[in-house]
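For reference, the structure is listed below as C-alpha cells.
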There are 2 protein chains.
Amino acid sequence: MTLDNLKHAQRQRLLFLDRCFTWRGVGRRRDLTDRFGISTAQAANDFRAYLSLVEDAPEYDAQLKAYVAKRHHRPLAPSSMQDVFEVLDTSSEDELPAALPRANRWLDTHVAIALHDAISNKRKIKISYTSMSSGETAPQWIAPTRFTFDGETIHFRAYSFKRGEFRNFHPSRIEPKIDYPTGEIKAPLPFDLEWHTLSVIWLRPSVYLSSAQAAVVRREYGFSDDLLKVEVRKALEFYIDRRWGLNEPGARLEKVKTELVWPEDNGTLSTRS
Amino acid sequence: MTLDNLKHAQRQRLLFLDRCFTWRGVGRRRDLTDRFGISTAQAANDFRAYLSLVEDAPEYDAQLKAYVAKRHHRPLAPSSMQDVFEVLDTSSEDELPAALPRANRWLDTHVAIALHDAISNKRKIKISYTSMSSGETAPQWIAPTRFTFDGETIHFRAYSFKRGEFRNFHPSRIEPKIDYPTGEIKAPLPFDLEWHTLSVIWLRPSVYLSSAQAAVVRREYGFSDDLLKVEVRKALEFYIDRRWGLNEPGARLEKVKTELVWPEDNGTLSTRS
DNA sequence: CTTGTTCCGTATAGTTTTTATACGTATACT
DNA sequence: AGTATACGTATAAAAACTATACGGAACAAG
C-alpha cells in the first residue's frame with residue numbers, strides 16, 4: 001500500500017494529515033472533516049489508512065483526545081512553506097490575516113493566453129514592450145518558449161527577433177490588448193544555450209557573521225555543511241540574486257563560486273568566483 | 001447551483017478547470033483526467049457542471065478540439081501566482097524546472113510543534129534565541145501567540161517576558177532541541193496593540209519613472225488609480241518593506257503615506273508620511 | 001477517398017467511495 | 001451522576017466514479 005495507488009481525493013487528505021502530524025505534532029478526525037467536508041466515518045477510514053502507511057505511526061493519546069506524532073516522525077512527503085503555514089496558522093475568516101497580502105502581483109489574462117498559445121503552438125507574436133532601462137515602448141516580434149517563475153512573479157523566456165537572442169521578458173511590460181498579431185516561425189530558432197546550461201551556485205554565510213549568527217543562517221536555509229548548493233538554469237540566475245538579496249548590503253549569504261554545466265555534458269566546464 | 005454545494009474533490013477539479021480557461025484560454029477533458037486521475041466520463045460530467053456554473057461559458061471549438069473561453073471570461077475564483085504558474089508551465093518531470101528552487105527555507109519540525117503547542121494551549125516556553133544584531137544567544141521565556149508568513153519564511157509573534165513587549169520572532173533563531181520547558185501563563189498578557197492595529201500603506205510608482213514605466217509598474221502590481229493601497233497589520237509592516245524592496249535604491253514603488261487604524265475604531269487616528 | 005486518430009458527447013451497468021446512523025469506550029468538566 | 005467530546009466499529013443506502021461501448025466531427029496520412 002502506497003500513496004500512489006490511492007485516489008487523488010484521498011491522497012490529498014492523507015497529505016494534509018501528514019502535514020498536521022509533521023508540523024503540529026497532533027491530528028484529529030476533526031481536522032479532516034473541517035477541511036474536506038467528509039464524514040467522521042470517512043475520516044476514521046483515512047486515519048486507518050495513514051497509520052498503516054507511515055512508519056513509526058502516531059498513537060492515540062486518550063488524555064489529549066488526539067493522535068500524537070512520534071518524536072522522530074518522518075513525513076510521507078515534503079511540504080512547501082505555504083502548505084506549512086496553512087497548517088500552523090490559526091486565523092479565523094473575518095479577521096485580518098497573519099500572512100502578508102500576497103497575490104498583489106497581477107497578470108493580464110489576455111496576455112497570458114496569447115503567450116500560452118504562442119508557446120504551445122510554436123508561433124511568434126508581435127507585442128509592444130516597454131524597456132525599464134530606457135523607458136521606451138517599441139513593437140517587436142518574439143517567439144516565446146517557456147513561462148518562468150521566481151516565486152512571486154511569472155516571467156517568460158522568448159527569442160527576440162529584434163535582438164537576435166533569447167531573453168527574459170516580463171508580461172506586465174507588454175502593452176495589454178485583447179489579441180495580438182501572430183505568425184508562423186519560418187526558420188528554426190537557435191539553441192537557447194543559457195536556458196539549457198545549469199548554474200551551480202555555492203553560497204556560505206557572510207564572513208561578517210559570528211559563528212552563532214552563521215548557525216542561524218545555516219538553519220534558516222536548511223544546510224549544515226559549510227556551503228549551500230543551489231542549482232538553477234543559467235538563464236534564471238539573475239532572479240536568484242535578486243530574490244535572495246545576495247547583492248544587497250547586509251546580505252547574510254554570499255556567493256563563493258558558480259559552476260556552469262553545459263548541456264550534453266556532465267562535467268563542469270567553467271568556474272566563476 | 002454554486003461551487004459551495006459541491007464536494008471538495010469536485011470543487012477542486014472545477015477550480016482547476018477554471019484556471020485552465022482563465023489563463024490558458026482553453027480546456028480539454030484531458031486536463032482533468034491527467035491531473036486528477038478521473039475517467040473521461042467523469043471529466044465530461046465536470047465540464048457540464050463547470051459550463052453551467054460560469055456565466056458566458058466557454059464553447060467547444062471543433063477545429064481546436066477543445067473548449068475555448070470567451071474573450072471576456074470571468075473566472076469563478078481568483079488564483080495565486082503559484083496556481084497560475086502550475087497551469088502555464090510546460091515542464092516535463094525529468095527536466096530542470098522553470099521555476100526557481102523554492103522551498104529552500106527550512107523550518108525545524110520540533111520547533112514548529114513546540115511553538116504550535118504553546119500557541120494553542122496558551123502556554124509560555126523557554127527558548128535560546130540568537131540575536132542577529134548582537135550575535136549573542138540567550139535563553140528567555142516567551143509566550144507565542146501567532147504564526148505569521150511573509151510569503152517566503154514563517155515567523156511568529158510572541159510576548160517576550162524579558163523585554164516586556166510583543167515582538168516578531170524567527171523560528172530559525174531558536175536553538176533546536178527535541179523539546180522545550182513550558183509553563184502556565186500566570187498573569188494575563190497585555191494587549192498586543194501593534195498586532196491589532198491596521199496599517200494602510202499608500203504607494204505610487206517612483207517619481208523617477210517615465211509615464212510608460214509607471215504604467216508598467218501599475219500593471220505589475222494591479223492598480224490603475226494613482227495610488228496602490230496595501231493593508232497589513234502594523235506588526236508586519238516591516239516585512240512588506242523588505243519583501244517589496246521599498247527601501248532599496250532602485251525601488252519602483254514608493255510610500256506616499258501610511259495611515260494607522262486602531263482597534264475598536266474605524267477612523268484614521270494618525271498619518272505618517 | 002478510405003483509414004486511423006483524437007477530440008467531443010451520451011448511456012449503461014457495476015464498483016468504489018462516502019454518508020448517515022447507531023452503538024460502545026475512555027477521559028474530562030461541572 | 002450527567003454531559004460533552006474525543007475515539008472506534010458496523011451496516012445499509014446514497015453518491016461518486018469507472019469501464020465500456022457507441023456515435024459524430026475534424027484532420028492527417030496513405
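Just so we're on the same page: letters track the sequence lines, and every chain starts at 1.
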Give the rounded distance in Å between these two atoms: [atom1] of [X] and [atom2] of [N].
X: B/Glu59; N: C/dC7; atom1: CD; atom2: C1'; result: 17 Å
X: B/Arg13; N: C/dT17; atom1: CZ; atom2: P; result: 14 Å
X: A/Arg48; N: D/dC7; atom1: CZ; atom2: P; result: 14 Å
X: A/Gln42; N: C/dA20; atom1: CD; atom2: C1'; result: 13 Å
X: A/Asp31; N: D/dC7; atom1: CG; atom2: C1'; result: 14 Å
X: B/Lys65; N: C/dC7; atom1: NZ; atom2: P; result: 7 Å
X: A/Lys7; N: C/dT18; atom1: NZ; atom2: P; result: 9 Å
X: B/Leu6; N: D/dC17; atom1: CG; atom2: C1'; result: 15 Å

*Could you please name the option among D/dC17, D/dG8, D/dA10 that lies closest to any side-chain atom of A/Tyr67?*
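It is D/dG8.
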For [N], take OP1 and OP2 only and decide whether either is under 4.0 Å from a side-chain N or O of [X].
X: A/Arg28; N: D/dT5; answer: no
X: B/Arg30; N: C/dC8; answer: no
X: B/Tyr60; N: D/dG24; answer: no
X: B/Arg29; N: C/dC7; answer: no

*Check A/Arg157, A/Arg167, A/Arg233 against A/Asp192 for a salt bridge (Lys or Arg N to Asp or Glu O under 4.0 Å) and give me the one that passes.*
A/Arg157
*asked:* Both B/Leu51 and A/Gln10 contact DNA chain C. Taking the nearest nucleotide for each, which residue is further toward the 5' end?
replied: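 The residue closer to the strand's 5' end, by nearest nucleotide, is B/Leu51.
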*Is the backbone of B/Ala77 close enough, under 3.5 Å, to the side chain of B/Asp18 for a donor and an acceptor to pair up by distance?*
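Here the side-chain-to-backbone pair exists.
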*With under 30° as parallel and over 60° as perpendicular, where do the rings of A/His170 and A/Tyr239 fit, or are they tilted in between?*
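Correct class here is tilted.
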Base, sugar-phosphate or nothing for [X]? Non-hydrogen atoms, less than 4.0 Å.
X: B/Phe47; value: nothing
X: B/Gln63; value: sugar-phosphate
X: A/Gly27; value: nothing

*Can a donor-acceptor pair be found between the side chains of A/His155 and A/Asp150 at a distance below 3.5 Å?*
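Per modelled atom types, A/His155 and A/Asp150 side chains form a pair under 3.5 Å.
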*asked:* Using the rule side chain to side chain contact (heavy atoms under 4.5 Å, CB included), only one of B/Leu15, B/Leu88, B/Asp31, B/Val26 pairs with B/Cys20; which is it?
replied: B/Asp31
